[in-house]
Amino acid sequence: MIKKLLSIAFSLLMLMLASNPLVLAEENQQNFEEVVGRYYKNLDPSGSQLSNNDFSLSKLIINTAIISENITLSGTVTNTNGSIPFSLEGELTKAEYPGKLIGELEDTTHRFNVIYFGFERNSKENISLINPDQNGEILKIYLLDKDNRDLYVYEITDLVNFGIHSEELFNLHNLKTTEHINEFWYAKLIKPDYTSQKENVERATTSGKSDTVAFKYVKAITFVSVIPLVCYFGFKAAKK
C-alpha cells in the first residue's frame, strides 16, 4: 500500500514539473539570489542616459518564480538608496517575430511598469541594453519605476544555470500572440523623434522582422540618434 501511494505521489510530482518548466520557491533559490544589472536614474523622454551609458549597478533578487503559460515573479530590485519589492503576474505569449516569447505582466505592488519581459533565442537579432553582442538565448527583464522613471535593466544569459529550460517554454502550445507594443517595448519608454526623414522612417515600420533589422534600415536613411529612431518606428507600428 505504501509503495502504491509513493508511486502515485511521484507521478503527480512529475506531472506538475512537466506543466511548469520553472518553479522556484524561497527555500530553493540559490541560483536566483542575485542578478547584477543596471538602473538608469530618472530616464528622460529622449532616453539620453541609455546612449550615454549613464547608469548605476543594480541587483535583482528573486524570491519566487513560476514560469509557464502563467507567470508569477516576485522579489526586490536595488538602487543606491536601498531596495524596492515587486510582484509580477500575467501570462506568457508568443511574439510576432519568431524566436521570442514575451510575458504580458503587471506589477501587483503598483510600483513598476513592466517595459519588457522576454525570452529570446538569438538576442543579437534584437535590441539589448546590457549585452548587445550576446549571441544566444537570453531573458530580459526591464522595469520602470512609476514614481520617478528610474529604469531597471536585467539580462540573464545563462538560462540553464538558472534552472530555466527555454526549449520547454518554446514548445508550449496555445500561447496567444502578444500585443505589438509589448514586442516593440522601446515605444513605452521614449517619445518619438519627428525628423525631416519622417516618411522614410515610416517606411521602415515593418511587421515580421526583428527590431534590429528594422533599426539598421532606419539608421541607413537618417542621421538622427539611435534610440529615438527605433522608438519612433515601434510607436508607428503599434498604432497600426
Side-chain angles (χ1 to χ4, degrees), residues 12-39 57-78 83 85-108 112 114-143 151-178 182-183 185 210-212:
L12 289 173
L13 178 61
M14 292 299 100
L15 181 61
M16 291 174 62
L17 291 176
S19 61
N20 291 284
L22 172 61
V23 179
L24 178 70
E26 290 186 9
E27 62 270 16
N28 184 29
Q29 61 166 327
Q30 65 273 15
N31 287 332
F32 264 110
E33 285 185 352
E34 181 178 300
V35 179
V36 178
R38 301 175 178 179
Y39 90 95
L57 293 180
S58 172
K59 294 178 182 178
L60 169 69
I61 300 174
I62 298 178
N63 296 328
T64 303
I66 301 174
I67 301 177
S68 185
E69 292 94 339
N70 297 307
I71 298 173
T72 299
L73 191 74
S74 65
T76 58
V77 297
T78 67
S83 61
F86 67 86
S87 181
L88 310 183
E89 293 185 3
E91 61 181 322
L92 190 66
T93 63
K94 60 184 179 181
E96 297 176 7
Y97 182 73
K100 290 196 288 188
L101 297 175
I102 298 172
E104 291 189 353
L105 308 178
E106 292 187 0
D107 177 25
T108 60
F112 295 100
V114 182
I115 300 301
Y116 187 60
F117 178 99
F119 290 95
E120 298 171 0
R121 279 183 159 164
N122 189 353
S123 63
K124 204 167 185 179
E125 294 181 354
N126 302 284
I127 295 173
S128 297
L129 298 180
I130 298 179
N131 300 289
D133 298 323
Q134 172 72 18
N135 187 19
E137 294 184 333
I138 195 169
L139 169 60
K140 299 174 182 176
I141 304 173
Y142 300 164
L143 305 175
L151 177 66
Y152 294 82
V153 176
Y154 308 97
E155 297 180 358
I156 301 173
T157 57
D158 189 356
L159 299 185
V160 174
N161 188 50
F162 280 88
I164 301 174
H165 303 286
S166 61
E167 193 62 34
E168 296 181 20
L169 295 174
F170 278 97
N171 285 334
L172 291 172
H173 301 294
N174 301 320
L175 296 180
K176 74 174 187 180
T177 301
T178 193
N182 292 324
E183 184 170 356
W185 51 267
S210 70
D211 43 19
T212 50

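The first residue of the sequence shown is numbered 1, and numbering continues consecutively from there.
- Judged by distance alone, with hydrogens and angles left aside, the side-chain atoms of Thr108 form a donor-acceptor pair with the main-chain N or O of Ser87 at under 3.5 Å.
- Note that NZ of Lys94 and CZ of Phe170 are 12.5 Å apart. Values are rounded to the nearest 0.5 Å.
- Expressed to the nearest 0.5 Å, how far CG of Leu73 lies from CG of Leu88 amounts to 5.0 Å.
- With contacts defined as side-chain heavy-atom distances shorter than 4.5 Å, the pair Leu175/Glu69 qualifies.
- Panel note: side chain Lys140, backbone Leu129; no donor-acceptor pair is recorded below 3.5 Å.
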| Can you list the steps and then say if Leu139 with Ile164 is a side-chain contact (heavy atoms from CB on, under 4.5 Å)? | CA-CA 9 Å; Leu139 169 60; Ile164 301 174; 4.0 Å; yes
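- Under the 4.5 Å side-chain criterion, counting only non-hydrogen atoms from C-beta, Asn135 is in contact with Asn122.
- Looking only at distances, no side-chain donor or acceptor of Thr72 sits under 3.5 Å from a matching main-chain atom of Glu89.
- With 3.5 Å as the limit, one finds no donor-acceptor pair spanning the side chains of Glu96 and Thr177.
- Considering OH of Tyr97 and CG of Asn126, their distance stands at 6.5 Å, rounded to 0.5 Å.
- To the nearest 0.5 angstrom, Leu169 atom CG is 6.0 Å from Leu92 atom CG.
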| task | Please assess Tyr142 against Glu155 for the test side-chain contact (heavy atoms from CB on, under 4.5 Å), listing each intermediate value before the final yes or no. | result | CA-CA 9 Å; Tyr142 300 164; Glu155 297 180 358; 2.5 Å; yes
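- No side-chain N or O of Thr78 forms a donor-acceptor pair with one of Tyr39 less than 3.5 Å apart.
- Atom-to-atom distance recorded for His165:NE2 and Asn171:CG is 13.0 Å, nearest 0.5 angstrom.
- Looking at residues two or more places apart in sequence or on another chain, you find a side chain to side chain contact (heavy atoms under 4.5 Å, CB included) between Glu137 and Arg121, Leu159, Ser166.
- Here the side chains of Val153 and Ile115 are not in contact, with every heavy-atom distance at 4.5 Å or above.
- A donor-acceptor pair under 3.5 Å is absent between the side-chain atoms of Glu104 and the main chain of Thr93, judged by distance alone.
- When ring centroids are compared, Tyr152 and Phe86 stay outside the 6.0 Å threshold.
- Taking the side chain as every heavy atom from C-beta outward, Ile141 and Leu60 approach each other to under 4.5 Å.
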